[in-house]
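Let me begin by presenting the structure, written as structure tokens, before commenting on it.
Numbers here simply count residues along the sequence, with the first being 1. Counting convention: from 1, in listed order, for ligands and their atoms alike.
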Amino acid sequence: MKNILITGGAGFIGSHVVRRMLKTHRDYTIYNLDALTYAGNLKNLTDVEGMPNYTFLKGDIVDESFITELFRKYRFDGVIHLAAESHVDRSISNPTAFIHTNIVGTVNLLNAFRHIWDGNYEGKRFYHISTDEVFGSLGDTGFFTEDTPYDPRSPYSASKASSDHLVRAYHHTFKMPVVLSNCSNNYGSYQFPEKLIPLVINNIKNKKPLPVYGKGENVRDWLWVEDHARAIDMVFHGGREGETYNIGGNNEWKNIDLVKLLCDLTDQLLNRKAGSSRELITFVKDRAGHDMRYAIDCSKIETELNWKPSVNFEEGLKKTVQWYLDNQEWLDEVTSGRYQSYYKDQYHNR
Ligand code: NAD
Ligand code: TYD
């Protein structure tokens, strides 16, 4: 029996990781630690919350004494650390929250793990989940590899880069058994509609303008979230200690082409006139410091762990649109209250 702590398990990717770990590793006890910020939602886990090997713990990774006590009590053998402030636009309007959670929170977890095991790390593992945004921005060609020098350019990516460096420093200095991965943009069910894909689907549904930053020429590499969760399972179990694995979809899209595809898929699924939702596309003021292109070379995880993306993008996107159409109650709940004021602040001057 192993005690595994997953942080940020009530968020988008974390909820898929919790679900996968519960279902594929029934001999583990899974503890999901989450502060339930605006991005965390226990409704993301209703299908698995009754499983006997699952426990939810509400708490903040920034609270050092709480974290120390928690590790003393449960003596986690493994940590899969996803809790983070994750939205670039919010990091532009309020960088400090990103420093607290992403940097201080990560250090609190590293310290607590180190102190309970005190150098006896046999069979233990601390897995830090990161992003491709730490590598900066690409021009028209090239890919991020695990050796690409870090060049973060938003407060979000700078805070993630800092946490990555700290995790590696604890490996080097204290011999902590860590592993890391840096993934490209994820899409799928349960993503908070502040990120491009669910925001656009929700606006199409409600016939609201679809805000495309700048000229819509920025490129992102999209990966289905369940493929990411599978990669996380594989790296957690098979990744080499101290190593980093890049994870990506081999699937680059310009924002404007992606938004048009979302319009067409949603029109089809809602039986709307072909082309009608494209009329909602509205070019708005660009994001400050907007990274132009991200693209991942994921040959290391493909070769070492035999992982590759399983889902064709158009199929995955169609399933995703259908999920948001079918889950009106979930959308209504997360887009009520605080979301409305966020949306107004973020988009009224654009
Ligand atoms: P998310 O914003 O949907 O979820 C984050 C979760 O962390 C939420 O449940 C939130 O309540 C929790 N949380 C935030 N601050 C906390 C704190 N102080 N203490 C405890 N819990 C806290 O994020 P996501 O998109 O699921 O991303 C998860 C991880 O994956 C992050 O580390 C992110 O950097 C990384 N990542 C995300 C993407 C992506 O496309 N979304 C891509 C690559 C890497
Ligand atoms: P986002 O989903 O916020 O992810 P990230 O910034 O981490 O890549 O944004 C994806 C891309 O879509 C990014 O280039 C910014 C752009 N974007 C828009 O054009 N309009 C929007 O309303 C949002 C949220 C994002």
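Checked by atom type, the side-chain pair Ser157/Ser154 shows a donor-acceptor distance below 3.5 Å. No hydrogens or angles considered: a donor-acceptor pair under 3.5 Å links the side chains of Tyr150 and Asp164. In this structure, a donor-acceptor pair under 3.5 Å is present between the side chains of Tyr343 and Asn203. Side-chain contact check for Tyr213 and Asp89: at least one donor-acceptor pair (N or O, by modelled atom type) lies under 3.5 Å. Between the side chains of Thr68 and His115, no donor N or O sits under 3.5 Å from an acceptor N or O.
Considering backbone and side-chain N/O of Thr101, one or more are found under 3.5 Å from N/O of ligand 1. The distance criterion of under 3.5 Å between nitrogen or oxygen atoms is met by Asp60 with respect to ligand 1. Between Glu133 and ligand 2, a contact under 3.5 Å exists for at least one N or O pair. Considering both main-chain and side-chain atoms, Tyr156 comes within under 3.5 Å of ligand 1 through a nitrogen or oxygen pair. In terms of polar-atom proximity, defined here as any N/O pair under 3.5 Å, Ala83 makes no such contact with ligand 1. Close N/O approach between Asn185 and ligand 1 is not found [any backbone or side-chain N/O within under 3.5 Å].
In this structure, of Asn108, Leu82, Ile247, the residue bringing a heavy atom nearest to atom 28 (C) of ligand 1 is Leu82. Among Arg350, His290, Glu217, the residue whose heavy atom lies nearest to atom 13 (C) of ligand 2 is His290. With Asn32, Asn41, Asn186, Ile61 as candidates, the residue nearest to atom 19 (N) of ligand 1 on a non-hydrogen basis is Ile61. Between the choices Arg293, Lys195, Arg287, the shortest heavy-atom distance to atom 9 (O) of ligand 2 belongs to Arg287.
At a heavy-atom distance under 4.0 Å, only side-chain atoms of Asn185, from C-beta outward, approach ligand 2. The side chain of Lys160, and not its backbone, has at least one atom closer than 4.0 Å to an atom of ligand 1 (non-hydrogen atoms only; side chain from C-beta on). At a heavy-atom distance under 4.0 Å, only side-chain atoms of Arg220, from C-beta outward, approach ligand 2. Counting heavy atoms under 4.0 Å from ligand 2, residue Leu196 touches it through both backbone and side chain.
Distance check, rounded to the nearest 0.5 Å: OG of Ser299 to NZ of Lys308 gives 14.0 Å.
The shortest separation from a heavy atom of Tyr347 to ligand 2 is under 4.0 Å, placing the residue in contact. Residue contacts with ligand 2 do not include Gln346, since none of its heavy atoms lies under 4.0 Å from the ligand.
If you look at Tyr294 and Phe135, their ring centroids are not closer than 6.0 Å. In summary, the aromatic rings of His237 and Tyr28 are positioned with their centroids under 6.0 Å apart.
Nearest protein heavy-atom neighbour of atom 5 (C) of ligand 1: Ala84 O, 3.5 Å. Remark: minimum distance from atom 20 (N) of ligand 2 to any protein heavy atom is reached at Pro211 O, 2.8 Å.
Heavy-atom contacts from other residues, nucleotides or ligands closer than 6.0 Å to CD of Glu329 number 12 or fewer.
Residues Tyr347 and Leu199 are in side-chain contact: their nearest non-hydrogen atoms beyond the backbone lie under 4.5 Å apart.
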